[in-house]
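In what follows, a single structure is set out as structure tokens and then discussed.
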Number of protein chains: 2
Amino acid sequence: MDNNLNDIFSALADPTRRAVIERLTTGPAPVSELHLGHDMAMPSFLKHLGKLESAGLIHTAKAGRVRTVHLEAAPIARAVDWLTHHRTLWEGRLDRLSALAEHLEKEPKDG
Amino acid sequence: MDNNLNDIFSALADPTRRAVIERLTTGPAPVSELHLGHDMAMPSFLKHLGKLESAGLIHTAKAGRVRTVHLEAAPIARAVDWLTHHRTLWEGRLDRLSALAEHLEKEPKDG
DNA sequence: CAGATTGTTATCCATATGGCTAAGTAATCA
DNA sequence: TGATTACTTAGCCATATGGATAACAATCTG
């Protein structure tokens with residue numbers, strides 16, 4: 001379960017893969033089209049797609065000789081959830097800290 | 001700039017490091033306390049802290065022989081920003097798709 | 001059918017990652 | 001001062017990662 005967060009975050013930890021995701025937000029695309037603009041050989045590029053797929057961030061379907069790649073919405077939500085949950089926690093802390101700071105500033109410093 | 005997203009996401013792609021972050025949302029802690037409960041040698045654990053620190057997710061300060069570790073709020077916001085931005089984009093797409101699906105369902109199927 | 005497209009599989013390689021032990025330094029305590 | 005505590009540094013090791021080439025397979029297209 002939680003293990004999946006590993007795959008999701010590590011899938012996102014690469015600019016090639018983030019670029020693929022960005023491209024896919026404009027709609028599904030065949031592998032060869034996604035490959036354009038990425039300066040690497042096709043098999044290398046396919047490994048990236050493989051990671052995105054096994055992290056559940058995309059799914060693919062082959063028709064004829066063309067494989068079309070689609071974005072998957074659900075898993076990113078898990079990453080967002082983790083981040084926002086913890087961000088909330090520690091920004092809460094920071095808020096309390098700055099409240100404390102303000103409080104201290106309002107104290108008569110030493111005059 | 002954007003390069004930092006690599007470091008942030010890959011720092012988050014490990015359960016030990018996420019656990020450290022979770023712990024730190026309850027407040028700063030010395031290295032040795034953070035180390036408790038992680039079944040690995042101190043030098044291994046320090047590598048994790050090193051990654052968190054070079055990703056900017058934590059900062060540390062040494063007083064005497066104790067190094068205290070603090071959470072850093074800003075960088076996580078960058079990760080959240082990337083995710084929510086793209087989530088919005090593709091959930092938007094999914095919305096349009098389901099709207100289309102609904103629309104098609106309302107059409108007389110084949111007549 | 002011949003040839004071009006579009007992947008796919010199999011290997012290989014260099015570097016990064018995540019773990020270890022051993023040994024060293026720098027405070028603090030008895 | 002000697003021992004203990006709390007890291008720190010320096011290697012070493014196995015596996016994962018991100019890249020490559022070469023060769024194969026399965027569609028289309030003419």
Side-chain angles (χ1 to χ4, degrees), chain A residues 2-24 27-71 75 79, chain B residues 2-24 27-71 75 79:
Chain A
D2 202 352
N3 192 18
N4 196 24
L5 270 181
N6 293 6
D7 296 334
I8 293 171
F9 281 126
S10 81
L12 294 173
D14 180 285
T16 298
R17 294 192 291 260
R18 285 197 305 276
V20 167
I21 288 181
E22 291 179 7
R23 163 64 187 80
L24 289 177
V31 168
S32 52
E33 186 192 316
L34 292 175
H35 180 214
L36 293 174
H38 294 279
D39 187 20
M40 68 180 65
M42 176 65 88
S44 312
F45 185 71
L46 283 179
K47 280 196 195 176
H48 288 293
L49 293 186
K51 286 215 150 193
L52 287 171
E53 186 157 23
S54 70
L57 293 167
I58 61 172
H59 69 271
T60 71
K62 193 163 187 176
R65 48 182 180 175
V66 174
R67 179 174 296 278
T68 302
V69 183
H70 307 253
L71 217 44
Chain B
D2 202 352
N3 191 20
N4 196 25
L5 271 181
N6 293 6
D7 295 335
I8 294 171
F9 281 126
S10 82
L12 294 173
D14 181 284
T16 297
R17 293 191 293 260
R18 285 198 306 277
V20 167
I21 288 180
E22 290 178 7
R23 164 64 188 79
L24 289 176
V31 168
S32 52
E33 186 192 315
L34 293 174
H35 179 215
L36 293 175
H38 294 280
D39 186 20
M40 69 181 64
M42 176 66 87
S44 312
F45 185 72
L46 284 179
K47 281 197 195 177
H48 288 294
L49 294 186
K51 286 215 148 192
L52 288 171
E53 185 157 25
S54 69
L57 293 167
I58 61 172
H59 69 272
T60 72
K62 192 161 186 176
R65 52 187 175 170
V66 174
R67 179 173 296 278
T68 302
V69 183
H70 306 254
L71 216 44

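All values below were derived from every heavy atom in this structure, side-chain atoms included, with hydrogens, water molecules and symmetry-related copies excluded. Every chain is numbered from 1 and lettered A, B, ... according to where its sequence line falls, protein lines coming before strand lines.
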Protein and nucleotides 24-29 of chain C: nitrogen or oxygen contacts under 3.5 angstrom:
residue	atom	partner	partner atom	Å
C:dA27	N3	B:R65	NH1	3.4

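- Shown for residues 29-36 of chain B: no residue has heavy atoms falling under 4.0 angstrom of DNA chain C.
- For DNA chain C, the neighbouring residues in residues 41-55 of chain A, judged by any heavy atom under 4.0 Å, are A:M42, A:P43, A:L46.
- Of all nucleotides in DNA chain D having an atom under 4.0 Å from a heavy atom of chain A, the first and last in 5' to 3' order are D:dT17 to D:dC28.
- Between the CG atom in B:D7 and the CG atom in B:L12 there is a gap of 10.5 Å [rounded to 0.5 Å].
- Across A:R18 and A:A13, no two heavy atoms sit closer than the pair NH1-C, 3.8 Å.
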Side-chain atoms of residues 35-47 of chain A: list all donor-acceptor pairs with protein atoms under 3.5 Å, sequence neighbours left out, distances to 0.1 Å.
residue	atom	partner	partner atom	Å
A:H35	NE2	A:M40	O	2.7

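- For B:A29, the side-chain contact (heavy atoms from CB on, under 4.5 Å) criterion is met by B:R23, B:L24, B:E33, B:L34, not counting sequence neighbours.
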Which atom pairs, donor and acceptor, lie under 3.5 Å between side-chain atoms of residues 48-59 of chain B and protein residues at least two apart or in another chain?
residue	atom	partner	partner atom	Å
B:H48	ND1	B:R17	NH1	3.1
B:E53	OE2	B:T60	OG1	3.4
B:S54	OG	B:G50	O	3.3
B:S54	OG	B:K51	O	3.4
B:H59	ND1	B:E72	OE1	2.5

